[in-house]
Asker: 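What follows is a structure written as structure tokens; I'll ask about it next.
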Amino acid sequence: MTKQGVGARLPRKEDDRFLRGRGQFVADIRLPGLKDVAFVRSPLAHARIHGVHIPDACRGRAFNATDLAGVKPIRAVTTLPGFKVSEQWPLATDKVRQVGELLAVCVGDTRAQAEDIAAAIELDLEELPAVHDMVKARDPGSALVHEHWGDNVFLESFMEVDIEKAFDAPIKITRTLSTARQSMAPMEGRGTVAHWDHRKEQLVLHTGSQMPHIVRNGLAECLGLNQEQIRIISPDVGGGFGYKGILLPEDICLGWLAMRLGHPVRWIEDRRESLTAGANCREHHYSITAYADRDGTLRGIDCEAIVDSGAYSSYPFSACLEAAQVVSILPGPYDFPAYRCRTWSVATNKCPILPYRGVARTGVCFALELVLDAIAREIGMEPHELRLKNLVRPEQMPFDNITKKHFDSGDYPQALNRAIAMSRLDEVRARQAQGEADGRLIGIGHSIYCEQGAHGTSVYSGWGIPMVPGHEQATARMTPDGGLELRVGVHSHGQSMETTFAQVAHEVLGIDTARIKLVHGDTEYTPYSTGSWGSRSMVMAGGAVATACKEVARLAARIGAHLLQADLAEVVIKDGFAVAPSGQVSLQEIAHTWYRRPQDLPAGIDPHGLESTIGYKPVRDTGTFSYAAHVVVVAVDPELGDIEILDYVIVEDGGKLVNPMVVDGQIYGGLAQGIGTALYEEMQFDASGQPLASTFADYLLPGPTEVPEPRLDHMEFLAPYTEFGVKGIGEGGAIAPPAAIGNAVNDALKGIGAELLHSPITPRRVLEAIEAAKVAKLAGSVA
Amino acid sequence: MKPVRFDYERPVEIGAALALMQDEGRVVKIIAGGQSLGPMLNMRLVQPELLVDITAIPALKRIEDTGSDLIVGACVTHADFEDRRVPDVTAGALAGVARGIAYRAVRNRGTVGGSLTHADPSADWISILSAVGARVILRSASGVREVAVEDYMLGALAADLNPGELLEAVRIPKCSASARWGYFKSCRKTGEFAHAIGAVLVDPDRGVFRAVMGATETRPILVIDRAALFGASGFSTGAAEEVAQAAGMGDLLDRRTHAVALRRAFEQADAA
Ligand SMILES: Cc1cc2nc3c(=O)[nH]c(=O)nc-3n(C[C@H](O)[C@H](O)[C@H](O)COP(=O)(O)OP(=O)(O)OC[C@H]3O[C@@H](n4cnc5c(N)ncnc54)[C@H](O)[C@@H]3O)c2cc1C
């Protein structure tokens, strides 16, 4: 390893501009003649549209669905049997199905003026009963989000393996658990600046996107354009987490406006739009029964789960990404013999549910890990000992679990053991037994999960969603003065790719990372890619970069052999030089020769020059499995329900870490979001489907004082199928915290008999659980 | 989230501000620190035609010692209290509480007059100033009147302010050397509005006992009769819960949380 290559804690190339406030985000783009856009949004969750009246004074500056005739709706269809299709029109046509759905689009010189116009549009809506509760949405007689379906179910998924063999287990634990609906909160919201380029006859859409090429696919289909007529530019992106992978109706409206009006238009989402109409995610409901022997051996899991998918299937991930995945990922890293799981992706009158960091796994981990702790409490066992009995063991690797997930490598028991040791469990137990002077209750809890990342064609072809990843391509190209350009179709929304891909290229070619430039975020200049999602970018695009660089190395060796008058077989590329027994020549000189002094090259030289575009897939594309054990110590105030995190330990295996500092950053950020899920974030709705939080005063996010600095430890079990042995690690930090914190709180309250089964665990919920336990105890003693 | 168009004036005298507020032809709104009004303007919950910025009026930043009281101008900021540019007459209570309001950026601009007039039940000034027995001085073109802080709030987001009237200053009675105070607020994160507040001032030399349960659905609950809260064995959480119930707090857990907050405020006062 060199100090810039794979494994180096290289400072981020991006930091200089970001720390000086010189990043360029969509809202920083200024184009001559730019006008601002505001939308008229539905104030109702469910209503029939009788009219969206544009006053004469606003004609030409406001448009409704009639004006957009010819534009096609967003259809995110899967090939899973039984999936029901929704059509999301850019501006609603017959019905509105969620608060915030677009009804008209208004253009002004400023955003304020556009909002003035929006306020003048008259709506004639007939309110319909709203479907606001995913559990009741399946009851016969429920109002219907899409009438012609006949029910409110996008998709039902099911799997069963020998479940009846578990029924005679001596321990049977049943729990109902749920996670609240959340709203992702990247610092930068969504935003789009669109204009028509007359020279190129091209619609140019600047939009902060994790997946520029996928946006182009969807946009071309909705607007009826050829792909070469659309260019998507994604500049600096201020956080995405999944929200910026989605094709929004707003994007389509902006594209249409740019073509219709002939001047640039801009929409910058404000926080109210983001919270109430945009970034919803996570809402799960589980009924789980776990079967076990008295020694803690798991005999089987039986589960029914519902995911509130909202009103429409979002593009490209669809409405069933979460619920259908629950079936296959619920078993987590455990090895047990019997399983049954049935899930429903349910339509409601809420925002479409979108993939959020950890997609489905955060809910699954919360549900399963809390149930495991409930078993441990029932049989009086330390929870980690129960887990050690059931975790997949290192000697089983690679391991196909009960749902046929292929675990590639790792030592899960070791991760848990190390985390428990770091947390000093014995000392915590002693402190817990002693009691606190201030009356607070101490609890320790943990959770462990696996994060399948970079899963490819073999996995996604089964889903048949609009986006199935294939070979990931990258271009590596030397410049005439010895620098290197890399082009990738994934896009960084905070992952430090400018740094880490340069490290990968440096590892192969030895070119100084300062001379390696990453070109990304522009469909005009980058190879097709499904983009950055599913913890895939380093595995897939990093693998492609390495492969392309190896090809450049091969080409450079040929020129080097000629210049050194050496045998090609003797030449190796090392530290930026072509080295042969006869001497060495720098890559810089090789590039200079190829581009500037072709007369020095022989006639038969390889015409590929010093440039390569090449596709990459891991040896097996069923995904890498990274994992971590989280242990947390909390103090619970039983009088007020407040929870303080006293210590947080994470032991993680991400395979080969390309830049450990960047990995740590990913874990810190994920942890902050996981703490948000565990303790703060909740988008509540009333019975008419109205979201109850429209600002950060009501939608609470953890801040710097609420997020502890975790103590981290890494293990590096190399992935067997990927370049360098890397594993995807982007999401894990956000998966485990709600489960670990939930278990810690339940550990603290076990003496009282209170148990928390719903996230976020708010002071109110803690007090209610304590109250319920007191009432139950009283009833017990009376009886 | 952009406000409607409005005119903007920034007078330097109270008289000029009062005159602008007489404007019959326009919807007039006062802005001080803008920390509560700003978001409301942006969300178009308030749509004024004229905004009168009162922060350039020196008289509204005046601090005067009358001997028995300290008069603090309406536009004195939370940070002015925190940094002790406002002389301490409450054994450190006001500076201590100011430090816990929102975040520093908000404290730099937010004013005591704006906070009281915005009348958010969860805000800090309304509770602690009720506990220390402060009064607001209200001025209009026709004269001046004074109201106790706890009466100034009529209910959530409603202050006893007549059209054309301005909150000019807050009158804070000076504590004696025997005074002790306590302030406990229950909130889920730093800078968040409170879910329950307990605020206490006990000043034996002046014969003052004031206990406040704040951050209710409406006005703070003020108790000046020690016997309503203390029994033979000291502070009674149950008694405090009964006081809250009598004041209309319907929810059991709410009452309990407020009673606990008040008990902790007393514990803090005792420890001082
Ligand atoms: C993120 C955030 C967190 C916050 N957290 C807290 C908290 O923890 N605790 C807390 O107490 N507060 C909190 N606040 C509110 C903050 O303290 C505000 O500063 C305060 O409520 C309003 O003061 P202002 O000077 O900004 O008033 P403005 O916003 O300018 O005005 C508020 C209202 O008062 C009226 N008004 C202002 N001055 C006068 C006057 N002299 N006479 C008559 N009417 C007047 C205005 O017309 C308006 O209706 C928070 C605010 C923010 C933005």
Side-chain angles (χ1 to χ4, degrees), chain A residues 36 38 108-120 189 268-276 438-439 637-644 675-676 679-682 694-707 760-772 774-775, chain B residues 1-6 35-36 38-45 47 49 99-100 102-106 118 120-123 157 184-198 215 235 237-238 240-241 251-265 267-268 271:
Chain A
D36 272 301
D109 293 337
T110 61
R111 170 72 183 236
Q113 201 189 70
E115 287 185 24
D116 291 346
I117 298 168
I268 303 299
E269 179 187 67
D270 65 35
R271 196 53 74 176
R272 183 166 51 175
E273 291 178 296
S274 183
L275 286 168
T276 62
D438 61 10
D637 180 336
E639 285 190 323
L640 294 173
D642 290 336
I643 295 162
E644 187 190 350
I675 288 174
L679 299 174
Y680 299 101
E681 299 183 43
E682 178 164 27
S694 61
T695 72
F696 283 150
D698 297 312
Y699 187 85
L700 292 196
L701 291 170
T705 48
E706 285 73 50
V707 180
I761 300 171
T762 60
R764 175 94 201 173
R765 291 199 174 100
V766 171
L767 295 180
E768 282 169 354
I770 292 173
E771 194 59 27
K774 277 187 196 154
V775 171
Chain B
M1 279 209 288
K2 302 289 178 206
V4 296
R5 271 186 95 83
F6 53 77
Q35 297 305 295
S36 296
M40 295 178 76
L41 286 170
N42 281 345
M43 292 196 279
R44 299 195 172 194
L45 297 171
Q47 306 197 353
E49 288 159 302
R99 191 156 34 113
Y103 317 93
R104 181 70 198 197
V106 173
H118 184 60
D120 185 329
S122 310
L157 304 186
F184 183 88
K185 77 168 163 175
S186 167
C187 54
R188 286 168 66 193
K189 55 177 276 198
T190 308
E192 199 218 353
F193 279 103
H195 301 290
I197 291 176
F235 183 88
T237 319
E241 285 178 40
D251 182 82
L252 168 79
L253 293 177
D254 250 4
R255 291 198 294 272
R256 196 169 297 162
T257 305
H258 281 81
V260 169
L262 187 58
R263 192 196 74 220
R264 293 194 185 177
E267 286 165 1
Q268 197 186 325

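A, B, ... follow the sequence lines: proteins, then strands. Residue 1 opens every chain.
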Asker: Checking heavy atoms, do the side chain of A:Tyr680, its backbone, both or neither come under 4.5 Å from chain B?
Answerer: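 Both parts, backbone and side chain.
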
Asker: Side chain, backbone, both or neither: which part of A:Ile643 has a heavy atom under 4.5 Å from chain B?
Answerer: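 It is neither, since no heavy atom gets under 4.5 Å.
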
Asker: Just verifying a value: how many Å separate A:Glu768 CD and B:Leu253 CG, rounded to the nearest 0.5 Å?
Answerer: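 Between atom CD of A:Glu768 and atom CG of B:Leu253 there are 6.0 Å.
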
Asker: Where on B:Pro39 is there a heavy atom nearer than 4.5 Å to chain A: the side chain, the backbone, both, or neither?
Answerer: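 B:Pro39 has no heavy atom closer than 4.5 Å to chain A.
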
Asker: What part of B:Tyr103 gets within 4.5 angstrom of chain A, counting heavy atoms only: side chain, backbone, both, or neither?
Answerer: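 For B:Tyr103, neither part sits under 4.5 Å from chain A.
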
Asker: Within a strict 4.5 Å, meaning less than it, do heavy atoms of the A:Arg272 and A:Thr695 side chains meet?
Answerer: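 They are not in side-chain contact.
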
Asker: B:Arg188 and A:Glu682: salt bridge (charged side-chain N to carboxylate O under 4.0 Å, His left out), yes or no, with the steps?
Answerer: CA-CA 13 Å; B:Arg188 286 168 66 193; A:Glu682 178 164 27; 5.9 Å; no

Asker: Specify which of B:Met43, B:His195, B:Arg5 makes the most heavy-atom pairs with chain A at under 4.5 Å.
Answerer: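 Going by pairs under 4.5 Å, I would pick B:Met43.
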
Asker: Does any non-hydrogen side-chain atom of B:Glu192 lie less than 4.5 Å from one of A:Leu700?
Answerer: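 Counting from C-beta outward, A:Leu700 and B:Glu192 do come under 4.5 Å.
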
Asker: With a 4.5 angstrom heavy-atom cut-off, could you sort out which part of A:Gln113 is near chain B: side chain, backbone, both or neither?
Answerer: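 For A:Gln113, no heavy atom lies under 4.5 Å from chain B.
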
Asker: Just give me the residue among A:Thr762, A:Asp116, A:Leu767 that pairs up with chain B most often, heavy atom to heavy atom, under 4.5 Å.
Answerer: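 The option with the most such pairs is A:Asp116.
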
Asker: Check each atom of A:Glu706 against the heavy atoms of chain B and say whether the ones under 4.5 Å are side chain, backbone, both or neither.
Answerer: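 The side chain, not the backbone.
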
Asker: Any idea which of B:Leu252, B:Thr237, B:Val260, B:Asn42 has the most non-hydrogen atom pairs under 4.5 angstrom with chain A?
Answerer: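 Sorted descending by pairs with chain A, the first entry is B:Val260.
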
Asker: Do B:Phe235 and B:Leu262 come within less than 4.5 Å of each other through their side chains, counting heavy atoms only?
Answerer: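 Side-chain contact under 4.5 Å: yes.
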
Asker: Can you check whether A:Gly189's main-chain N or O pairs, donor with acceptor, with A:Glu269's side chain at less than 3.5 Å?
Answerer: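 Such a contact is absent between A:Glu269 side chain and A:Gly189 backbone.
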
Asker: Indicate yes or no: does B:Arg264 engage A:Asp637 in a salt bridge with an N to O separation below 4.0 Å.
Answerer: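 Yes, this pair counts.
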
